[in-house]
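I have placed the structure first, in the form of structure tokens, so that the comments after it can refer back to it.
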There are 2 protein chains.
Amino acid sequence: MSRIAYFGPEGTFTEQAARELARGAELIPVETIPNAFSVVRKGEADAACVPVENSVEGAVPATLDGLAEQEPLVAVAEALLPVHFSVLTRPGITDAGDIRTVASHPHALAQVRLWAETHLPNARPVATSSTAAAAVAVRAGEFDAAVTAPVAVRHYPLPVLATEVADVRDARTRFLLVRRPDHPLPAPTGADRTSIVAAAANRTGALAELLTELAGRGINLTRLDARPAKGNFGEYRFFIDFEGHVAEPRIGDALAALRRRCRNVRFLGSHPRADGARATIEPFAGNDDFVDAAEWVEAVRRGEQA
Amino acid sequence: MSRIAYFGPEGTFTEQAARELARGAELIPVETIPNAFSVVRKGEADAACVPVENSVEGAVPATLDGLAEQEPLVAVAEALLPVHFSVLTRPGITDAGDIRTVASHPHALAQVRLWAETHLPNARPVATSSTAAAAVAVRAGEFDAAVTAPVAVRHYPLPVLATEVADVRDARTRFLLVRRPDHPLPAPTGADRTSIVAAAANRTGALAELLTELAGRGINLTRLDARPAKGNFGEYRFFIDFEGHVAEPRIGDALAALRRRCRNVRFLGSHPRADGARATIEPFAGNDDFVDAAEWVEAVRRGEQA
């Protein structure tokens, strides 16, 4: 059985994603995202499950920075979870009007603010370090209600006041399963995502040139994030996700061009997309087109064609 | 005297930035970033001061989204503050070893974690909704210490255990002063920043084309952020900052090209850079070059040159 570290504590959305991505594995909650990566790098776990982006809050900085620095890790799978919350209460509360405090991580509180104004009219929001920490505090009698991931009630048995609570109906979080690069990658499926991080030279046009290498090969971006490198506003790293798999000729050709333009590029993985969306292939840029073109050049070199 | 709304409460880094950006103004703390924008849109304040990016945490999503949606606002000034904290304690504490709880916003706690491990060895971190809320809670006797902005002690008089505390020495936050667009913009200085947001068409190469318009005119990007539009992973808005001022011919030419390629582009302001860095001008792309080239075309059209 494999061992999967996840950004804990127990009872968070990340645990839920880890259960989906690694059925039957032993799950190990780890206190921070950097530590989850660290136990994988040291070989103490086989893989780590971490959040990478939320449709409301955006990218998760600790995940991006943790993948760009230290020993390489690669993403081999992803999960997409709807962000809706359960509201757990202190035992003995019979009327929502009696709830005076509602605790959760500040991001979760922000995502249920309108719901709470209507359904918990007398409750003051209180910030905790995680959604699960709010459940712990409610069990300890510190607060009256906790806004948590649905999985929390497995670990922190408390009365459930409401489920599927969310102000934004379609909010989702994407999670990655990452491991060391010394295993075969998952096979291409036609609906894959490839991720890289590149420290583009700090000169005019450097990013435009990288993106033009992808665009010129008909490769569709799915995400681009700029993060300050070494905490310095002057230098940025670009995290680029695009359709396709490194095993495909068209993607290999593009990655070689990016590497040529930018020595400081790191492969962060190729894996099936959780939404199953198949890659857009431009008429001139299918894998067959790349193979045919390379074969034509070889034939020209052999004097067989012109 | 002008009225400046800022993302409060009193005693945060944003208050400190507002004091720097609007000396002598009446400062009005507002509970959230969207509300700070809203009071300016309604004319209840002349401008709003909000954080826009932090060199460790990255962009501030609420600021970017708030500028992209609803009635336009433009940034007219920026401030860059070093992120170092003061540690305030409950009166009567004489030994740091007696501090059992240290409260702050989770981002602030993350940025002083190593310091706290050494200097507050017995303290458990506790999350609050802002750095100032931690000071309020310490004054109320709820916790033993608060990690706050230096300005907090003006509002919440408490013993100061330490100042200039930060694990990352050069962390900085950039703040904007934004107002309605119905006033003259600040004059160009040669060291300016222009910001736009563009909803690029969801097709291969759309972003590369926009960036190539800037690169082809020798205009250097200073920041690029992708944010999901309407909380949807499938659609992104691109927030692009670059060197220069809309009043310059080279920048006007570039903005017109972006507008031609993308109807859904919004101008978010031109203002002097807080770091005073002057724009890089490529040999073929100075303002004189743009003016000379336009004059040459006019002369050709008049039959005076060829």
Side-chain angles (χ1 to χ4, degrees), chain A residues 32 53-59 61-62 64-65 80 105-106 109-110 125-130 133 168-172 174 202-228 230-234 236 238 243 275 277 280 282 285, chain B residues 32 53-59 61-62 64-65 80 105-106 109-110 125-130 133 168-172 174 202-228 230-234 236 238 243 275 277 280 282 285:
Chain A
T32 66
E53 64 170 330
N54 173 280
S55 57
V56 176
E57 298 292 337
L64 298 186
D65 292 349
L80 209 49
H105 188 276
L109 290 173
V126 183
T128 52
S129 59
S130 69
V168 178
R169 290 315 312 175
D170 298 323
R172 287 172 299 168
R174 191 160 62 90
N202 189 5
R203 63 172 172 74
T204 304
L207 177 61
E209 289 166 15
L210 296 182
L211 298 187
T212 299
E213 294 288 1
L214 296 167
R217 288 169 179 81
I219 297 169
N220 203 15
L221 296 195
T222 58
R223 179 157 186 85
L224 188 147
D225 273 294
R227 293 268 312 142
K230 305 167 210 147
N232 184 337
F233 279 149
Y236 288 86
F238 298 100
E243 295 180 348
D275 61 10
T280 315
E282 301 284 334
Chain B
T32 65
E53 63 171 331
N54 173 278
S55 56
V56 177
E57 298 291 337
L64 298 186
D65 292 349
L80 209 50
H105 188 275
L109 290 173
V126 183
T128 52
S129 60
S130 69
V168 178
R169 289 314 310 174
D170 298 322
R172 287 172 297 169
R174 192 160 62 91
N202 190 5
R203 64 173 171 74
T204 303
L207 177 61
E209 289 166 14
L210 295 182
L211 298 187
T212 299
E213 293 288 1
L214 295 168
R217 288 169 180 81
I219 296 169
N220 203 15
L221 296 195
T222 58
R223 179 158 188 86
L224 188 146
D225 273 295
R227 293 269 311 142
K230 304 168 210 146
N232 185 337
F233 278 149
Y236 288 86
F238 298 100
E243 295 180 349
D275 61 10
T280 316
E282 301 283 333

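Below, read A as the first sequence line, B as the second, and so on, with proteins coming before strands; counting in each chain starts at 1.
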### Message
As an exercise: rank A:Leu221, A:Val126, A:Ile219 by heavy-atom pairs under 4.5 Å with chain B and give me the winner.
### Response
A:Ile219
### Query
Can you say whether B:Thr212 sits under 4.5 Å from chain A via the side chain, the backbone, both, or neither, judging by heavy atoms?
both
### Summary
Across all chains, not counting sequence neighbours, the side chain to side chain contact (heavy atoms under 4.5 Å, CB included) partners of B:Glu213 are B:Arg217, B:Ala257, B:Leu258, B:Arg260, B:Arg261
### Task
Can you tell which part of B:Arg203 gets under 4.5 Å to a heavy atom of chain A, answering side chain, backbone, both or neither?
backbone
### Message
Between B:Leu80 and chain A, with a heavy-atom cut-off of 4.5 Å, which part of the residue counts as in contact: side chain, backbone, both or neither?
### Response
side chain
### Message
If I measure from the heavy atoms of chain A, does B:Leu224 come under 4.5 Å with its side chain, its backbone, both, or neither?
### Response
both
### Query
Can you say whether B:Thr32 sits under 4.5 Å from chain A via the side chain, the backbone, both, or neither, judging by heavy atoms?
neither
### Query
With respect to chain A, which residue among B:Gly216, B:Gly205, B:Ala127 yields the maximal number of heavy-atom pairs within a distance under 4.5 Å?
B:Ala127
### Query
What pairs with B:Arg227 under side chain to side chain donor-acceptor pair (under 3.5 Å), at least two apart in sequence or on another chain?
B:Asp65
#### Entry: Proximal component of B:Glu209, with respect to chain A [non-hydrogen, under 4.5 Å]
neither
### Message
Using heavy-atom distances under 4.5 Å, tell me whether B:Asp275 contacts chain A through its side chain, its backbone, both, or neither.
### Response
neither
### Task
Search all heavy atoms of A:Pro228 against all heavy atoms of B:Ser55 and return the closest pair with its distance.
CG-O, 3.5 Å
### Task
Find the one option among B:Arg223, B:His105, B:Arg174 whose heavy-atom pairs under 4.5 Å with chain A are most numerous.
B:Arg223
### Query
Do the side chain of B:Thr222 and the main chain of B:Glu243 share a donor and acceptor less than 3.5 angstrom apart?
no
### Query
Among B:Leu64, B:Leu109, B:Asn54, B:Thr204, which residue forms the greatest number of heavy-atom pairs with chain A at distances under 4.5 Å?
B:Thr204
### Task
Among A:Ala208, A:Ala59, A:Ala215, single out the residue with the greatest number of heavy-atom pairs under 4.5 Å to chain B.
A:Ala208
#### Entry: Nearest-0.5 Å distance, CZ of residue B:Phe238 to CG of residue B:Leu207
4.5 Å
